[in-house]
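The next block holds one structure in the form of structure tokens; read it before the comments.
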Number of protein chains: 2
Amino acid sequence: MPKGVVPKDAVTLRDVADAAGVHPGTASRALNDETKALVRPETIERVLAAAATLGYKPNLLARSFKTRRTNSVGIVIPDINNPLFPPMVRGVEDRLFEDGYVALLANTENDPDRQRRIFEGMVDRRIDGLVLATARRHDVGVAELSEMGIPIVLFNRVVDDGRVPSVSSDDATGVRMVVDHLRNLGHERIGHVAGPQSMSTGHARYSAFVSAMAETGAVVDPRDVVFAETFSIAEGERCAAALLARAERPSAIFAGNDMLALGCYSVVERAGLACPGDISIVGFNDMPFIDRVNPPLTTVRIPHYELGLLAAELLLGRLRNPEMPIEAVQLEPQLVVRGSTAPVHLRVGA
Amino acid sequence: MPKGVVPKDAVTLRDVADAAGVHPGTASRALNDETKALVRPETIERVLAAAATLGYKPNLLARSFKTRRTNSVGIVIPDINNPLFPPMVRGVEDRLFEDGYVALLANTENDPDRQRRIFEGMVDRRIDGLVLATARRHDVGVAELSEMGIPIVLFNRVVDDGRVPSVSSDDATGVRMVVDHLRNLGHERIGHVAGPQSMSTGHARYSAFVSAMAETGAVVDPRDVVFAETFSIAEGERCAAALLARAERPSAIFAGNDMLALGCYSVVERAGLACPGDISIVGFNDMPFIDRVNPPLTTVRIPHYELGLLAAELLLGRLRNPEMPIEAVQLEPQLVVRGSTAPVHLRVGA
DNA sequence: CTGAAAGCGCTTACAG
DNA sequence: CTGAAAGCGCTTACAG
């Protein structure tokens, strides 16, 4: 490591000021959009010309050190390998990029300790704000950040106490569409592979499932609901296996998201069952590439990219005006009927 | 925007020094692993204790401004929505995180202008180095960065002049495995949907295809090769359609990557052809979730995560020692035979 | 081993 | 409208 060497910037503000024959303070004001109103037009021109000929580029580190703004924001997600997140992350990044911000990305793996270390690294680097998809319903990390006054926007998942701005999908509506669809097809007993109840998505979809079923006059046998520990294929397999192991299995399974649905697919296939011939399966999220699986999965589409875009928009708003009221935006989902569901009267043996 | 307000850090090095009864310079040395050897053990202890009770956290911006090291690196990719990249990005991030680095992520969309703006934003923020998956075979942006002395490591794609460190897959070997597989199955004429020739991946696979075919005694009709503009499903469709439009179509298509192969799938299906019944298709990359498509795609697996890991490792090495010789690592690929290829004698009408 | 001082490159009240 | 000065919070030759 080169030590003791602090190479100076090729050309600094002082060089520009000298070349333009003004004081560095004046050069600074001339170069800054917010203060250039304070300086005479001819002076501005002279400074700009000097800056251009010298190829001056401000040292952003010096500026940030002074102003405490870095024009960088952190994006924290569980795992970019989950296909749900790339489009959301793109949404956030694209909006940030538009405003000259840069994005730090990190994956928590839903590990609170890792999340804490990630938060620390970002806060220590003085990110201006944070966009988070990792919130648990009760999240001490998020609470701490809030108390520190770090601007935050949650996306996809939300916290239980509604004191943090967020952008998510209207899961209650989405689930109701699923239940109505299945019920209209004639399904009486619908099983549910529920997501983790420590997360708003898992919990909201589960409770919406119970209410929606009740609304259609169906009662949910508690044994027809199995709770996954994580939103993963492996957990989907475990839960689906439990459901299929019952003496009389439900004629349909609503999975808490597409990853869990993929797990259901594997188990159903391994059990030698046909889908939707023997059992119908529905997912949630309409994540990228899920439209390529076989049989085509009926699921609920949520606007991934827009969700990210909006989350960034909200954060940018708070950065401009910290006093902005707390918003919890919910985006409308849409049922996408594909091949994994069928009327029960078409079922083999039904 | 709160103006004119420069809130001071809660507790600074000066506070710690005061509490410990030492000079700030001494406190700095005591707190820094590289200089603590210069200070007396009791003093270190006193400083550490003071820092702990005060809850001191160094201002990383101030430190970076002084030392010109930010412990941050940029990851630049074409598009995180391409399933190939999430695992690679994870590999890079995980390795960086281990060493206390933070990652800035950006997507170029293969747009040189956007790439330039991204580079500028990162360089201006004084990232310590850059890991790039967006290189073209002749890339002025990459060349500029190199000349500026910014430590770079390329991954997935490489540049033609081998003067930039890189980690990629051994495409020549991978392609040879594909060709041998297909030839052993009895295929005489194999078409190729080639990737963009401006990128090393597209070009290397295309030329390896031609050589490997020759090695097996087959000659490639130039009309059996169609060049895609991008590695996308849409381009795969366009190229496959061109191939199928020929009076006598080849019995197999080797696609430059899995995205292109997916495009081939669509066209074949739309044409009412069966795969592998009527035509065999092979992809490249074995990208995540490609194992879920139907029919199962034969492809070449490259170690995505390890590739990212190694790229980060190489960069970290260069950060420690800028004089490190330039390495171009190639990782071994592996043929994954699934259902999209079949012996020609089993074909309908063959 | 430690102190005193300089300085990294900006921005911004404060005067004029 | 502009200059002069202070200062953001560190690190690091330079003395002692």
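In this text, all values refer to a predicted model and were calculated from it rather than measured experimentally.
Neither OP1 nor OP2 of C:dT11 sits under 4.0 Å from any side-chain N or O of A:Arg68. Under 4.0 angstrom from either OP1 or OP2 of C:dC1 there lies no side-chain N or O belonging to B:Arg29. Regarding contacts with the backbone of C:dT11, a side-chain N or O of A:Ser28 is found under 4.0 angstrom from either OP1 or OP2. Of the side-chain N and O atoms in A:Thr26, one or more sit less than 4.0 angstrom from OP1 or OP2 of D:dG3.
With rounding to whole Å, B:Glu45 atom CD is found 13 Å from C:dT2 atom P. Atom CG in B:Leu38 sits about 19 Å away from atom P in D:dG16, given to the nearest Å. Note: CG (A:Leu61) to P (C:dC10) measures 11 Å, nearest angstrom. Atom-to-atom, CG of A:Leu13 to C1' of C:dT12 comes out at 13 Å; the value is rounded to the nearest Å. At whole-Å resolution of the value, CG in B:Asn71 and P in D:dC10 are 16 Å apart. For the pair B:Lys36 NZ and C:dC1 P, the computed distance is 14 Å after rounding to whole Å. The interatomic distance linking B:Asp15 (CG) with D:dC8 (P) rounds to 11 Å, in whole Å. What separates NE2 of A:His23 from C1' of C:dG9 is a distance of 13 Å, to the nearest Å.
Between B:Glu323 and B:Arg318 there is no salt bridge, since none of the side-chain N atoms of the basic residue sits less than 4.0 Å from a carboxylate O of the acidic one. Taking the charged nitrogens against the carboxylate oxygens, A:Asp94 and B:Arg114 do have a contact shorter than 4.0 Å, which makes a salt bridge. Note on A:Arg40 versus A:Glu45: no salt bridge recorded, every NZ/NE/NH1/NH2 to OD/OE distance being 4.0 Å or above. Between B:Asp113 and B:Arg116, none of the side-chain N atoms (NZ, or NE/NH1/NH2) sits under 4.0 Å from a carboxylate O, so this pair counts as no salt bridge.
For D:dT2 and D:dA6, the P atoms lie 22 Å apart once the distance is rounded to whole Å.
Of the N and O atoms on the side chains of A:Asn110 and A:Gln115, not one donor lies less than 3.5 Å from an acceptor on the other residue.
B:Thr43 comes within 4.0 angstrom of the backbone, heavy atoms only, and of no base.
Figure legend. D:dC1 is base-paired to C:dG16; pairs are counted as Watson-Crick or G-U wobble with both atom distances under 3.5 Å.
When distances run from any side-chain atom of B:Thr67 to the nucleotides C:dT12, C:dG9, D:dT11, the shortest one goes to D:dT11.
In terms of position along DNA chain C, the nucleotide closest to B:Arg40 lies nearer the 5' end than the nucleotide closest to the other residue of the pair B:Arg40 and B:Ala62.
Taking a centre distance below 5.5 Å and an interplanar angle below 30 degrees as the stacking criterion, B:Phe65 stacks against the six-membered base ring of C:dC8.
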